[in-house]
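Okay, so here's the structure we're looking at.
Computed from heavy atoms alone, side chains included, the values below leave out hydrogens, waters and symmetry copies. Keep in mind that this is a model prediction, so the values were computed, not measured. First the proteins, then the strands, lettered A, B, ... as listed; each starts at 1.
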Amino acid sequence: MPDGDVDVFLALVERHRTYMYNLALRLTGREQNAQDVVQESLLNAFLHLDRFEGRADLRTWLNRIVVNCALDHLRGLRRRPDAYAPTPLSDVVDTAASASPDPERLAASADWRRLVAAAMAGMSPLERVTFALRHFEGRSIAEISETVGIGNNAAKQHIFRAVRKLRLALAAHGVSQ
Amino acid sequence: MSHLTDDELVLHFYDEDGADIVRVERHLETCLACARTYEGLARTLRAVTPPAIVEAPDDTAAIRRLLLERARERDSLVLARAQAWLTEPRAIALAWLVPVLYPLVVPAIFAGSRSEDALARGVLVVLALLLACAGPAVAVLVLREGPPAGGLHGGGPHADRLRVLGSVMATITPSLFMLVARGGRRLDWWYAAIAAAALLALVPWPAPAGSTPRLKRMHRLASVLLGLFILGHIVNQSVGFVSVPSYAAMRGVMQLASEQSVSYVLIIAMVALQIFTGAAMGLKRVTTGVFARNLQAVSGWYLAVFLFAHVFSPYLARAAAAAPVAQALTPPHLLANASAVAALPYYLLGVSAFLLHIGLYARLAALGWLAESSVRRLSYATAVVGAMVVVTVGLSLCGIHLIR
């Protein structure tokens, strides 16, 4: 394997790196996880470059790889309880919930971000990824089901469950809805 | 007035309620309770904002090192695979050996069943049966390293097509063999069929027409009726293991229903639709190393030929005499004579392929309703039940019944 191939590939994907990292961060919620997902995605993309064949936009192709790598990564974390240690909600938001329970007023605070992150950590990998794609990335349910490789109905149900878990977790800590 | 569900409100928030948007909007204007719930949901979701866009950490050097390292690992893996026992020529040979040797394996089942010692009889029949049913497993093994991504159609190398065709032939061998046998053909026809299949590897394959979602919809529609028909047979065959009189009663009803010209035409139409849509999707689904997909494709290939042989074989038989109803109403004893024994792997693989095919589909669909962990647990339980059904049907087909 000539080193030049790697350099050409890295130059090709360089302008998408920030996009990939931020997408991975939204999907996984942690910087270290996002960094791992980007590395894994670039590796996958490099090893399977022959599958790209210019049939789709490079970013679209990379996006699909990042989403699936993030899913695998989250599933892997679940299988290793030592690596998967979400912060308990109760440790996160005592102050936030008791001081001002309105989510819109809390939204800008660091406590609120930690509270939401902890609530999302309670979601299953598919719930988390479908929710993040719909909510943060603004992808349609049809696009999500296509990217993740599940049916439309399945994608909807995962989003419903994710929203339910999020609301329950927030309500349990006194955030008014 | 019924209130909107939480799920409807979530869809409305994300503008995903499609044609229902007007109904939901109107309801929210008139129903204070739903409007309040929606407002609470929207307030919460609006407050869940994405993290701010940040620069990716500059780890290009680390990524470069990783890529080089893994690329070298891959190269050495490719080399190791080339030196492994299942090299491409061996994989192709293994796949094609299944149909070539199959006419020798079938009599082995019958020979085993004639053994004097009861224990030896059981062991020999099971071993020979496992060998006869090994085709689909060989196909999955051979496809594991599979054809290159980008599909099998088009101008792929001959070796890939030969490998996939070999996998198809290994899979469908028991059904195809039954078809040839029912047509009253001799072994020379069987080997001519294998040679004709091998010649197909020389020509480029057409790209399957039609989009996968459309094919899937048609496939699903046809499978509903056909699934009921097959499931009825499987349940009845399992009942046959427990009680022969119950089997005969149920079989009589099913025979009466399927002999009606309307239902018979419908079944044939559904089989044709299944085979056509399944064949197109089967080519698209075979993907390097994706085990579940290949398993679904392999079970689909077998089912296609199995259904074809099952439904159309009366027309292909040279001297097909209509079986008397009384004979058909007793469970078949396939170890009773040498000519019937080929039907044993044929039926057992048919049942396994059916359960596996719909099981894999149901697993995917279940993700729409249940959490992943529940689906996984359910899959294990279903696999155990499926294996029990196959064994029960097998015992019944071997003439073993609890109540005669």
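For the set A/Thr18, A/Asn22, A/Ile150, the entry with the most heavy-atom pairs within less than 4.5 Å of chain B is A/Asn22.
The nearest pair of heavy atoms linking B/Ala62 to A/Gln39 is CB-NE2, 4.3 Å. The shortest non-hydrogen separation linking A/Tyr21 to B/Ala56 is CB-CB, 3.6 Å. Across A/Trp112 and B/Thr44, no two heavy atoms sit closer than the pair CZ2-O, 4.5 Å.
Here the CG atom belonging to B/Leu68 is positioned 7.5 Å from the CG atom belonging to A/Asp7, to the nearest 0.5 angstrom. In this structure, the separation between CG on B/Leu67 and CG on A/Leu47 is 7.5 Å, given to the nearest 0.5 Å. Remark: A/Phe9 CZ to B/Arg64 CZ distance equals 13.0 Å, nearest 0.5 Å.
For a residue to count as touching a neighbouring chain, one of its non-hydrogen atoms must lie under 4.5 Å from one of that chain's; by this rule A/Leu42 touches chain B with backbone and side chain alike. For a residue to count as touching a neighbouring chain, one of its non-hydrogen atoms must lie under 4.5 Å from one of that chain's; by this rule B/Asp15 does not touch chain A.
Side-chain contact between A/Arg164 and B/Val10 is absent, with no heavy atoms from C-beta onward closer than 4.5 Å. By the 4.5 Å heavy-atom criterion applied to side chains, A/Glu31 and B/Val54 are not counted as neighbours. Here the side chains of B/Ile53 and A/Arg26 are in contact, with some heavy-atom distance below 4.5 Å. Taking the side chain as every heavy atom from C-beta outward, B/Asp6 and A/Val163 never approach each other to under 4.5 Å. Residues B/Glu16 and A/Ile159 fail the side-chain proximity criterion, which asks for heavy atoms closer than 4.5 Å.
The only option from A/Arg134, A/Lys156, A/His135 that meets the side chain to side chain donor-acceptor pair (under 3.5 Å) definition with B/Tyr14 turns out to be A/His135.
Under a 3.5 Å cut-off, the side chain of A/Arg17 and the backbone N or O of B/Pro57 do form a donor-acceptor pair.
The environment of A/Phe136 atom CZ is dense: over 12 non-hydrogen atoms of other residues, nucleotides or ligands sit within 6.0 angstrom.
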